[in-house]
Protein chains: 2
Amino acid sequence: MKEKRRNGSKAIAPFKNKILQGDCLDILAGLPRESVNLIVTSPPYADNRKSSYEGVPIDGYVDWFLERSAQFQRVLRSDGSFILNVKERTVKGEKGTYILELVLALKDQGWRWTEEYIWHKKNSYPGKWPNRFRDAWERCLHFTKQKSFKMFQESVMVPTGDWAKGRLSRLSQVDRLRAESSAQNGFAKNVSNWVGRDAAYPTNVLHLATECKNRQHSAPFPVSLPAWFIKLFTEDGDIVLDPFIGAGTTAVACHQLDRQFIGIDSNPSYVALARSAVANLKRHPVQR
Amino acid sequence: MKEKRRNGSKAIAPFKNKILQGDCLDILAGLPRESVNLIVTSPPYADNRKSSYEGVPIDGYVDWFLERSAQFQRVLRSDGSFILNVKERTVKGEKGTYILELVLALKDQGWRWTEEYIWHKKNSYPGKWPNRFRDAWERCLHFTKQKSFKMFQESVMVPTGDWAKGRLSRLSQVDRLRAESSAQNGFAKNVSNWVGRDAAYPTNVLHLATECKNRQHSAPFPVSLPAWFIKLFTEDGDIVLDPFIGAGTTAVACHQLDRQFIGIDSNPSYVALARSAVANLKRHPVQR
DNA sequence: GTTCCGCATGAATCGATAG
DNA sequence: ACTATCGATTCATGCGGAA
């Protein structure tokens, strides 16, 4: 009641399991405070190209982001987590510092910088240059509001030992690859059954391949990336927010894991893409 | 001659292949400018248990470092590289920001932040904590003085990945016979594309195991870590500086790769350890 | 029904060329 | 001079079609 009065007539229900078109700054203003359990997103990267539709200029990137992360902070539950997948661009042989500045600014905004996970992209973009190698990793910055927060480490345990090895070796090549690269098949979920047998906790380095599908828009990150954090930081039925949902990858992960999602994007074509990704899932439910 | 006058009577010779005891701030003042090809080091971290550790203050870590990196900048050749292996400490569940601040400050000092390599520690320290997983990576920040610098990418090429490996190995069963017996076969032509193609350039993610030697002081990083950067950024006979040499790992790597080293540490017991590590190498030369 | 190859495709980066 | 666009380089992955 008190909560309700503080948020006026705000209610979470109209936002649940929707892909909404607009600037998350505006849309999130309609959400009640402390209403989502996890925010996981990959925001548009700072870009020099002014012609780029979603390109956010490097100058002012931090301020642009802070305005929105203030809303993230309001709508996130106090035991929730905020996962930010970013990587700074290299311009004229020098790495941009706006991500470093953003981390410092988010801390000033009241966020606790709890961890920095490394997403190791096994299949990084090819190329050769005189002064650097291929870029094969991205930051997954973990921020929280409190020192203690919801975390379910057992849900992301990985198989080890002879028992798992034998079982893995008996699987076909395709199944094994699928098990490693995707959380959507039953094999990955059964890993939780191995708790107490031969399962180990992972580290803060995630080894995942990017998905190279021949679609019009390819997902910038694989389903298994948000899925990993969703399993780690939420329970069944929890609400996951992605304020820059792009191709809808986070929504797909939520659907597969029985979490509720709120997806936002300012680009109408991305919104359409995300909506069709969700619709396709409902038509062809994944074997779980 | 001009160079000599500018540096007064400074000469590099007395420093070559020595482990020197003292604060690198003082010792490096005696080196000529532009005299070393590579600086690779893992500096001491400020420890919150004491007011200072090895002379490193907690407050003012950045200022403490900048004073020394000014000397690094002076003694480093203009086509040289500076590799800084660091990882911020986590205090009360929150990650320190002094490394981020250091990167920004080094940029202000005139360094170019060229790259951030990730050292993925394959066998990270075991343990379990309620709100984080095992820490399995460290930053290897790459700074340079100029846009172009010495880099020998071929020296660190790695075997090709699973894709080529798997497909090539599968050839050996039936198809390789066919390829050998019939040169006009179209398939044999395709195989030829892969002949000699067993090595690829690495990425900016290094997969190295930590060394678990039964020493008194465990080396903070394995020989293979400085060795990788030494091979990448220097040639035979070049001079490598480690201003915080600790257990002497960088000197060992230099000895194995026929580079010259200058090692400095303020802690006398570390100096003794590093000196004995080098002495042991000379008694028992490594198979190369 | 499997297994296996061919091919397109990436949150890339640099240097050259064009406006 | 300064910016915008384009081609070259390169390799792990998934998918479609073939054997």
Side-chain angles (χ1 to χ4, degrees), chain A residues 41-58 84-96 99 119-140 171-178 180-182 184-185 207-225 244 246-247 249 267 270, chain B residues 114-115 147-149 151 153-154 157-176 178-179 185-191 193-194 197-205:
Chain A
T41 195
S42 191
Y45 294 178
D47 201 327
N48 272 339
R49 292 172 300 176
K50 289 163 186 129
S51 59
S52 169
Y53 184 83
E54 284 189 304
V56 180
I58 290 180
L84 184 59
N85 165 229
V86 279
K87 183 69 187 271
E88 53 269 68
R89 287 266 169 86
T90 302
V91 178
K92 297 183 185 187
E94 207 167 3
K95 291 177 75 69
I99 299 297
W119 169 28
H120 168 41
K121 296 188 280 189
K122 285 188 293 184
N123 57 337
S124 57
Y125 198 91
K128 186 183 186 304
W129 309 278
N131 49 6
R132 68 187 61 251
F133 290 129
R134 290 175 296 147
D135 187 14
W137 65 277
E138 289 191 16
R139 308 178 194 280
C140 292
L171 293 170
S172 73
Q173 175 92 358
V174 172
D175 285 340
R176 212 182 322 165
L177 286 173
R178 210 179 293 157
E180 286 170 349
S181 64
S182 169
Q184 67 194 24
N185 89 352
H207 303 274
L208 303 173
T210 57
E211 285 166 3
C212 305
K213 288 181 180 174
N214 45 1
R215 285 183 181 180
Q216 302 157 340
H217 294 258
S218 66
F221 55 42
V223 178
S224 47
L225 187 69
F244 309 101
T249 314
N267 186 329
Y270 273 127
Chain B
T114 297
E115 181 56 291
K147 188 175 179 186
S148 69
F149 47 88
M151 190 177 196
Q153 304 191 349
E154 289 72 20
M157 289 185 86
V158 292
T160 343
D162 294 333
W163 179 80
K165 240 187 285 178
R167 295 196 176 187
L168 278 174
S169 68
R170 265 173 280 172
L171 294 180
S172 60
Q173 300 182 351
V174 179
D175 296 324
R176 186 166 291 178
R178 215 196 317 164
N185 188 313
F187 189 77
K189 194 178 179 184
N190 289 334
V191 169
N193 291 337
W194 294 99
R197 193 65 187 279
D198 52 354
Y201 293 103
T203 69
N204 57 359
V205 177

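Every chain is numbered from 1 and lettered A, B, ... according to where its sequence line falls, protein lines coming before strand lines. Only this structure's heavy atoms are used, side chains among them; waters, hydrogens and symmetry mates stay out.
The side chain of A:W129 sits closest to C:dC14 out of D:dC11, D:dA12, C:dC14. With C:dC14, D:dC11, C:dT13 as the candidates, the nucleotide lying closest to the side chain of A:D135 is C:dT13. With C:dT13, D:dC11, D:dT10 as the choices, the nucleotide that has an atom nearest any side-chain atom of A:K128 turns out to be D:dT10. When distances are taken from the side chain of B:Y201 to each of D:dA12, C:dA11, D:dC11, the shortest belongs to D:dC11. Listed candidates were C:dT13, D:dC11, C:dG15. Nearest to the side chain of A:P126 is D:dC11.
In this structure, A:R132 does not reach the C:dA12 phosphate: none of its side-chain N or O atoms is under 4.0 Å from OP1 or OP2. Contact annotation: A:T90 reaches the phosphate of C:dT13 (side-chain N/O to OP1 or OP2, under 4.0 Å).
Atom NZ of A:K122 and atom P of C:dT9 are 22 Å apart (whole Å). Straight-line distance from the CE atom of B:M157 to the P atom of D:dC11: 6 Å, rounded to whole Å. Spacing between atom CD of B:E154 and atom P of D:dT9 amounts to 15 Å, rounded to whole angstrom units. Residue A:N131 contributes atom CG, which lies 15 Å from atom P of D:dT10 at whole-angstrom precision. Distance CG (A:N123) to P (D:dT10): 18 Å, rounded to an integer number of Å. Computed from coordinates, the B:Q153 CD to C:dC14 P distance equals 11 Å when rounded to whole Å. Between the OH atom of A:Y125 and the C1' atom of D:dT13 there is a distance of 14 Å, given to the nearest Å. The separation between A:R134 atom CZ and C:dA11 atom P is 14 Å, rounded to whole Å.
A:R139 and A:E88 are joined by a salt bridge, as a carboxylate oxygen and a charged side-chain nitrogen come within less than 4.0 angstrom of each other.
When the nearest nucleotides of DNA chain C are assigned to A:N85 and A:K92 by heavy-atom distance, the more 5′-ward of the two goes with A:N85. Comparing A:E94 and A:K121 against DNA chain C, the residue whose closest nucleotide sits nearer the 5' end is A:K121.
Of the possible polar contacts, one joining the A:S42 side chain to the A:N85 backbone as a donor-acceptor pair under 3.5 Å is found. Not one N or O on the side chain of A:N267 forms a donor-acceptor pair closer than 3.5 Å with the backbone of A:G246. Between the side chain of B:E115 and the backbone N or O of A:G93, no donor-acceptor pair lies under 3.5 Å. Side-chain atoms of A:W119 never come within 3.5 Å of backbone atoms of A:L225 as a donor-acceptor pair (strictly under, hydrogens ignored). Looking only at distances, no side-chain donor or acceptor of A:H207 sits under 3.5 Å from a matching main-chain atom of A:K121.
One P atom belongs to D:dC15, the other to C:dA11, and the distance between them is 15 Å to the nearest Å.
Consecutive Watson-Crick or G-U pairing (both distances under 3.5 Å) extending over three or more pairs maps onto DNA chain D as C:2-10 with D:11-19, C:12-19 with D:2-9.
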(request) Apply the test side-chain contact (heavy atoms from CB on, under 4.5 Å) to residues B:M151 and A:F133: give CA-CA distance (whole Å), side-chain angles for both, the deciding distance (0.1 Å), then the verdict. (result) CA-CA 11 Å; B:M151 190 177 196; A:F133 290 129; 4.1 Å; yes

(request) Tell me, with the steps shown, if B:T114 and A:R132 meet side-chain contact (heavy atoms from CB on, under 4.5 Å). (result) CA-CA 8 Å; B:T114 297; A:R132 68 187 61 251; 3.8 Å; yes

Pairs under 3.5 Å (N/O, protein and nucleotides 17-19 of chain C):
none

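The side-chain heavy atoms of A:D135 and B:T203, taken from C-beta on, include no pair separated by under 4.5 Å. Using a 4.5 Å heavy-atom cutoff, the side chains of A:T210 and A:F221 are not in contact.
With its ring centre under 5.5 Å from that of the base six-membered ring and a plane angle below 30°, A:Y45 counts as stacked on C:dA11.
By the 6.0 Å and 45° rule, A:K128 stacks over the aromatic ring of B:Y201.
Using a 4.0 Å heavy-atom criterion, one finds that A:K87 contacts no nucleic acid atom at all. Note on A:P43: a base of the nucleic acid sits closer than 4.0 angstrom, heavy atoms only.
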